[in-house]
Amino acid sequence: MCYAIPGKVTAIDGKRVIVEYFGEKRPAIAMDCGVEAGEYVYAQGGIVVGKVPGDEALEILRIWEERFFDLKRLDVGMSAGSASPSGILEPILKKAESSGTLTKGEMLAVLGAEEGLDALYSSANRIRRERIDNACCVHGIIEFSNHCVNNCLYCGIRCGNKGICRYRMSGEQILDAVDEAVSKHGFKALVLQSGEDMAYSDEDLVYIVKRIRERHSILLFMSVGERSLDCYRRLYEAGAYGALLRFETSNAELYSKLRPGRKLEDRLSLIRGLKELGFVLATGFMFGLPGESRKDVVGNILLTKSLGPDMHSFGPFIPHPATPLSSSVGATLDDALKAIALTRLVDHEAKILVTTALETLSPEAKREGLLAGGNSLMIDMTPQRYRASYDLYPGKASSERIGDTIVSTISLLQSLGRAPTDLGL
Ligand code: 5AD
Ligand code: SF4
């Protein structure tokens, strides 16, 4: 990412290594670079992405040392939290903090709560700090095609929407965008996302991944929808070790209604297959979908946890005017913060992405999400001329220059005491 420091490899057990940042240990896997104890590396999402020459690493760490401990102190201070629980949430938060488990009834009570929300968010933030500390990661996302064979009722780039300008980046254009993200902006983890666009054959995608990995030491996530497990296996072998695929909703009936022709069980079996293949898995859902009950949201959170993701990716449904759900009511910021906090309460070590959809709910949403249990962010690295056309939901595209977004993201993270260390496995 654009916010990363090298760590020192202090122990090795096969491909498993321990990477240390100023004495803090994080486990990681060295996939394709052989490392030795004492060497310095960058790690992302628990994957060692590349080595750093010792003198260069020491210079970076020297610059960071003081700031590193300042950030930690800041996070400890901010997460100590003054809001103490009261009323109906009090026993629930105490139980969650001590055990990490809640009954479905208790989870429903959290989602339904109208009071004590500050205490809820503080509690989740405290758990985040105690369990996974102030590490964070910032991934870049490149949306390389907005063509899609599907017609999901909620989505602005569904094939039924004839009103958008479709684009499809060539392999060279994708490589250029990756070069810019990695070489110019320093990203160490990138997501390549598209609609389900079968104009790219499996071979095309594998070729693009190989070309990227020949040039760059990064953790590359594929977010290309439902392709065969064999295709994903080939992408993994080509060097894309991450996969982002949401199951969207745990309610099977609602799933097929909103995603015509598709079945939840097929989606879940693909997601489980990705995990078995060894992918660093990011998955999750949308919440606030029309026809969804609070019980479904509880089901979504528990289903995500049961899939054992390396990263939780969930976000609010935002009605798109050119879809059949245009007049539905979308999720609110409190719905979003409750979903983040509740996930943290029942999955203490979760790595929770504060997703871009949240940002459309309020200018403060990223900050609030990070203070309600979230710990990772994503920055849109799609070339400016295509951004507005990747129109999943309104308000998604920012016209801010990438450099400015990176600066404001880093300053947000630092204002909250978050350090550029890897989250580990
Ligand atoms: N609101 C919020 N998120 C949406 N997505 C698609 N349409 C919308 C919408 N209207 C999300 C889905 C999908 C991801 C790429 O974008 O969860 O998996
Ligand atoms: Fe296509 Fe994904 Fe949008 Fe569905 S949500 S229409 S699969 S891009």
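Order of listing sets the numbers, starting from 1, for every ligand and every atom in it.
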Residue pair S313, R246: steps toward the side chain to side chain donor-acceptor pair (under 3.5 Å) verdict: CA-CA 7 Å; S313 166; R246 290 178 172 178; 3.2 Å; yes
Exercise check, heavy-atom protein proximity under 4.0 Å to atom 3 (Fe) of ligand 2: yes
N or O contact, Q193 vs ligand 1, cut-off under 3.5 Å: no
Minimum-distance protein heavy atom relative to atom 1 (Fe) of ligand 2: C148 SG, 2.2 Å
Residues Y21 and D133: side-chain donor-acceptor under 3.5 angstrom: no
Heavy-atom nearest neighbour in the protein, as seen from atom 13 (C) of ligand 1, with distance rounded to 0.1 Å: E248 OE2, 3.3 Å
Min N/O separation I318 to ligand 1 under 3.5 Å: yes
Numbered atoms of ligand 1 (with element) below 4.0 Å of C155, judged on heavy atoms: 7 (N)
For C152, the ligand 2 atoms whose distance to one of its heavy atoms is below 4.0 Å: 4 (Fe), 5 (S), 6 (S), 7 (S)
Charged N-O contact under 4.0 Å between R227 and E196: no
Passing candidate, side chain to side chain contact (heavy atoms under 4.5 Å, CB included) with F314, options I352, L353, T355, N300: I352
Close-contact set for ligand 2 against R158 heavy atoms, below 4.0 Å: 6 (S)
Side-chain donor or acceptor of R344 paired with backbone N/O of A350 under 3.5 Å: yes
N-O pairing of R401 and D404 below 4.0 Å: yes
Protein heavy atom at shortest distance from atom 7 (N) of ligand 1: Y154 CD1, 3.4 Å
Nearest neighbour in protein (non-hydrogen) for atom 16 (O) of ligand 1: L392 CD1, 3.4 Å
Salt bridge flag under 4.0 Å for residues D391 and R158: no
Residue, atom name and distance, where the atom is the protein heavy atom closest to atom 5 (N) of ligand 1: M286 SD, 3.9 Å
Check: G288 main-chain N/O paired with E292 side-chain donor or acceptor under 3.5 Å: yes
Derivation of the side chain to side chain contact (heavy atoms under 4.5 Å, CB included) call for Y154 and R259: CA-CA 9 Å; Y154 43 79; R259 307 197 71 229; 3.3 Å; yes
N, O or S from C155 under 2.8 Å to atom 3 (Fe) of ligand 2: yes
Any side-chain donor near an acceptor of the partner, Y241 and Q44, under 3.5 Å: no
Any N or O of H320 closer than 3.5 Å to N or O of ligand 1: no
K72/D75 salt bridge by N-O under 4.0 Å criterion: no
Any N or O of R246 closer than 3.5 Å to N or O of ligand 1: yes
Partner of R418 by side chain to side chain contact (heavy atoms under 4.5 Å, CB included), out of L71, I410, L370, L377: L370
Ligand 1 atoms in contact with Y393 (distance to a heavy atom under 4.0 Å): 1 (N), 2 (C), 3 (N), 4 (C), 8 (C), 9 (C), 10 (N)
Contact check, R259 vs ligand 2, heavy-atom distance below 4.0 Å: yes
Identity and separation of the nearest protein heavy atom to atom 5 (S) of ligand 2: Y154 CE1, 3.6 Å
F317 neighbourhood, listing ligand 1 atoms whose heavy-atom distance to it stays under 4.0 Å: 1 (N), 2 (C), 10 (N)
Proximity of P316 to ligand 1 by residue part, where a heavy atom lies under 4.0 Å: backbone
Part of I157 within contact of ligand 2 (heavy atoms, under 4.0 Å): side chain
